[in-house]
Chemist: 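Structure below; questions to follow.
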Amino acid sequence: MEMKMIGRIHTDFVTKFGVPRQSGLVPELMGKIVLEPEYRNPDAFRGLEEFSHLWLVWEFSEAVRPEWSPTVRPPRLGGNRRVGVFATRSPFRPNPIGLSCVKLEQIDLQDSRKPVIWVSGVDMMDGTPIYDIKPYLPYADSHPGAKGGFTDGTQVRRVKVEFPEELVAASEISGEKLQALRGVLEQDPRPRYQKDPERIYGMSFGEYEVKFTVQENVLRVVELVRG
């Protein structure tokens, strides 16, 4: 079977560090899907605006490897326990395909590359290939009583984020962009095995470079520079 890339999504993450581990965890994170020229036909998206959420099928383009492992170490288990790759959403799979549920914000028909599709709650790097877009169907896709396997016994790790006011003012970050960055940092983007309170971590977020430390359960931003 031949898979055709229909477009790419553009987000604030130029590297993998900081990308939320699942879609929807940070609702403020925006993404813009720009279609390949051959798929820029508004008729193909007729009626899509009636849906609130979408499924995106995409490629873990930074995790493509010639080999695969039958077991992986999920971050939710602290990286200390192996489980089968098909019991996880690890990017290191026989076929590096991802699946995300995102909120449809806008279908832009004014852009010269129309239609451009804006979504929120993204968990993908900038430039990630998109292979398909499907509507989310509440009557079929929502299962309130579903079991979450090993994830039911673990907690979503969140930290308290401290932004020095002088850094926020100097960087001129504000509004939804600031809320999105705060949401990303609250997820504690560090790998689970890294707990050095003296270490300064760095990540790129759109046009900003962010450096921070984490002590106990408090993440403090020590540098926020607009690139």
Side-chain angles (χ1 to χ4, degrees), residues 3-13 16-35 39 44-63 72 74-77 83 85-108 115-152 154-158 176-177 179-189 205-206:
M3 293 279 284
K4 294 184 177 181
M5 182 183 72
I6 65 170
R8 293 183 183 272
I9 190 168
H10 297 282
T11 72
D12 283 315
F13 297 102
K16 291 185 290 184
F17 191 87
V19 177
R21 295 179 175 90
Q22 302 293 339
S23 58
L25 292 180
V26 184
E28 297 87 356
L29 283 176
M30 297 293 294
K32 177 176 67 173
I33 301 173
V34 177
L35 301 163
Y39 299 108
F45 302 90
R46 187 186 305 167
L48 190 65
E49 73 282 354
E50 299 176 14
F51 295 88
S52 66
H53 290 74
L54 307 174
W55 289 108
L56 301 182
V57 180
W58 49 279
E59 181 185 32
F60 287 105
S61 53
E62 297 299 307
V72 295
R76 287 294 291 272
L77 295 177
V83 299
V85 65
F86 296 121
T88 75
R89 296 187 178 185
S90 167
F92 305 111
R93 326 180 65 78
N95 294 298
I97 299 300
L99 179 68
S100 295
C101 184
V102 296
K103 184 179 180 183
L104 174 60
E105 296 290 347
Q106 179 189 5
I107 300 178
D108 187 356
V116 170
I117 302 171
W118 287 87
V119 296
S120 61
V122 300
D123 61 342
M124 288 157 276
M125 287 179 57
D126 184 57
T128 292
I130 302 295
Y131 287 108
D132 203 2
I133 300 170
K134 301 177 186 292
Y136 174 91
L137 305 178
Y139 80 91
D141 297 340
S142 178
H143 303 279
K147 294 167 58 177
F150 63 82
T151 66
D152 282 344
T154 60
Q155 295 182 340
V156 176
R157 184 173 65 180
R158 292 182 181 273
E176 292 183 356
K177 184 72 73 175
Q179 286 299 109
L181 176 56
R182 181 180 293 276
V184 169
L185 297 176
E186 285 177 348
Q187 301 292 320
D188 191 352
F205 184 74

Chemist: Indicate the atoms forming the closest heavy-atom contact of Pro189 with Phe17, along with that distance.
Modeler: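 It is O-CE1, 3.8 Å.
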Chemist: Out of curiosity, Ile117 CD1 to Gln106 CD, how far, rounded to the nearest 0.5 Å?
Modeler: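 Going from the CD1 atom of Ile117 to the CD atom of Gln106 covers 11.0 Å.
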Chemist: List for me each residue that meets salt bridge (charged side-chain N to carboxylate O under 4.0 Å, His left out) alongside Asp188, sequence neighbours excluded, and say none if there are none.
Modeler: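 Applying salt bridge (charged side-chain N to carboxylate O under 4.0 Å, His left out) to Asp188 gives Arg157, Arg190.
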Chemist: Please report the closest heavy-atom contact between Arg89 and Phe60, naming both atoms and the distance.
Modeler: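 Smallest interatomic distance, heavy atoms only, reads O-CZ, 4.0 Å.
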Chemist: How would you list, by chain and number, every residue that makes a side chain to side chain donor-acceptor pair (under 3.5 Å) with Lys177, sequence neighbours excluded?
Modeler: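 In terms of side chain to side chain donor-acceptor pair (under 3.5 Å), with neighbours along the sequence ignored, Lys177 is linked to Asp12.
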Chemist: Let me confirm one number: the CD-CE distance from Glu59 to Met125, rounded to the nearest 0.5 Å.
Modeler: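 Taking CD in Glu59 and CE in Met125, the distance rounds to 12.0 Å.
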Chemist: What's the shortest heavy-atom distance between Arg8 and Pro129, and which atoms?
Modeler: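 Looking at all heavy atoms of both residues, the shortest contact is NH1-CG, 3.7 Å.
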Chemist: Are there more than 12 heavy atoms of other residues, nucleotides or ligands under 6.0 Å from atom CD of Glu49?
Modeler: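 Atom CD in Glu49 is crowded, with more than 12 foreign heavy atoms closer than 6.0 Å.
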Chemist: Compare all side-chain heavy atoms of Met124 with those of Ile130 and state whether any distance is below 4.5 angstrom.
Modeler: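 Result yes, sub-4.5 Å side-chain heavy-atom pair found.
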Chemist: If I take atom OH from residue Tyr131 and atom CE from residue Met5, how far apart are they, to the nearest 0.5 angstrom?
Modeler: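 Here the rounded value is 7.0 Å.
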Chemist: Is any side-chain heavy atom of Leu35 less than 4.5 Å from a side-chain heavy atom of Phe45?
Modeler: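 Yes - at least one pair of side-chain heavy atoms lies under 4.5 Å apart.
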Chemist: For the backbone of Asp126 and the side chain of Thr11, can you confirm whether one donor and one acceptor N or O come within less than 3.5 Å of each other?
Modeler: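 Here the side-chain-to-backbone pair exists.
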Chemist: Can you name the salt bridge (charged side-chain N to carboxylate O under 4.0 Å, His left out) partners of Asp132, sequence neighbours left out?
Modeler: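 Salt bridge (charged side-chain N to carboxylate O under 4.0 Å, His left out) list for Asp132, sorted by chain: Lys134.
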Chemist: Can you name the side chain to side chain donor-acceptor pair (under 3.5 Å) partners of Arg182, sequence neighbours left out?
Modeler: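 Partners of Arg182 by the side chain to side chain donor-acceptor pair (under 3.5 Å) criterion come out as none, since no residue qualifies.
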Chemist: Backbone N or O of Thr88 within a donor-acceptor pair of the Arg93 side chain at under 3.5 Å?
Modeler: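 A pair under 3.5 Å: yes.
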Chemist: Are Ser100 and Val122 close enough that some pair of their side-chain heavy atoms sits under 4.5 Å apart?
Modeler: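 In short, these two side chains do not touch, never coming nearer than 4.5 Å.
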Chemist: How would you list, by chain and number, every residue that makes a side-chain contact (heavy atoms from CB on, under 4.5 Å) with Tyr136, sequence neighbours excluded?
Modeler: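 Per chain and number, Tyr136 pairs via side-chain contact (heavy atoms from CB on, under 4.5 Å) with His53, Trp55, Cys101, Pro138, Asp141, Ser142.
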Chemist: Report yes or no: does Ser23 contribute a side-chain atom to a donor-acceptor pair with the main-chain N or O of Val102 at less than 3.5 Å?
Modeler: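 No.
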Chemist: Considering non-hydrogen atoms only, spot the tightest contact between Phe150 and Ala87 and give its length.
Modeler: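 For Phe150 versus Ala87, the nearest heavy atoms are CE2-O, 3.3 Å.
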Chemist: State, yes or no, whether a side-chain contact exists between Arg158 and Glu186 at a heavy-atom distance under 4.5 Å.
Modeler: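 Result yes, sub-4.5 Å side-chain heavy-atom pair found.
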Chemist: Roughly how far, to the nearest 0.5 Å, is CG of Leu104 from CG of Leu54?
Modeler: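 If I round to the nearest 0.5 Å, the distance is 5.0 Å.
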Chemist: Give, for atom CG of Leu29 and atom NZ of Lys103, the distance between the pair rounded to the nearest 0.5 Å.
Modeler: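 Rounded to the nearest 0.5 Å, the CG-NZ separation comes to 14.0 Å.
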Chemist: Is the shortest heavy-atom distance from the side chain of Thr128 to the side chain of Leu56 under 4.5 Å?
Modeler: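 No. Closest side-chain heavy atoms not under 4.5 Å.
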Chemist: Apply side-chain contact (heavy atoms from CB on, under 4.5 Å) to Pro27 and list each qualifying residue two or more places apart in sequence or on a separate chain.
Modeler: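 Per chain and number, Pro27 pairs via side-chain contact (heavy atoms from CB on, under 4.5 Å) with no residue.
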Chemist: Does the Glu50 side chain pair with the main chain of Leu48, one donor and one acceptor, at a distance under 3.5 Å?
Modeler: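 Pair absent, no side-chain N/O of Glu50 close to backbone of Leu48.
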Chemist: Does Arg21 have more than 12 heavy atoms from other residues, nucleotides or ligands lying within 6.0 Å of its CZ?
Modeler: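 Yes, CZ of Arg21 has more than 12 neighbouring heavy atoms, counting only those of other groups under 6.0 Å.
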Chemist: If you apply the rule side-chain contact (heavy atoms from CB on, under 4.5 Å), what do you find for Asp123 with Trp58, and how did you get there?
Modeler: CA-CA 11 Å; Asp123 61 342; Trp58 49 279; 4.3 Å; yes
Chemist: If I compare all heavy atoms of Ala63 with all of Phe92, which pair ends up nearest, and what's the gap?
Modeler: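 Taking Ala63 first and Phe92 second, the nearest heavy atoms are CB-CE2, 3.7 Å.
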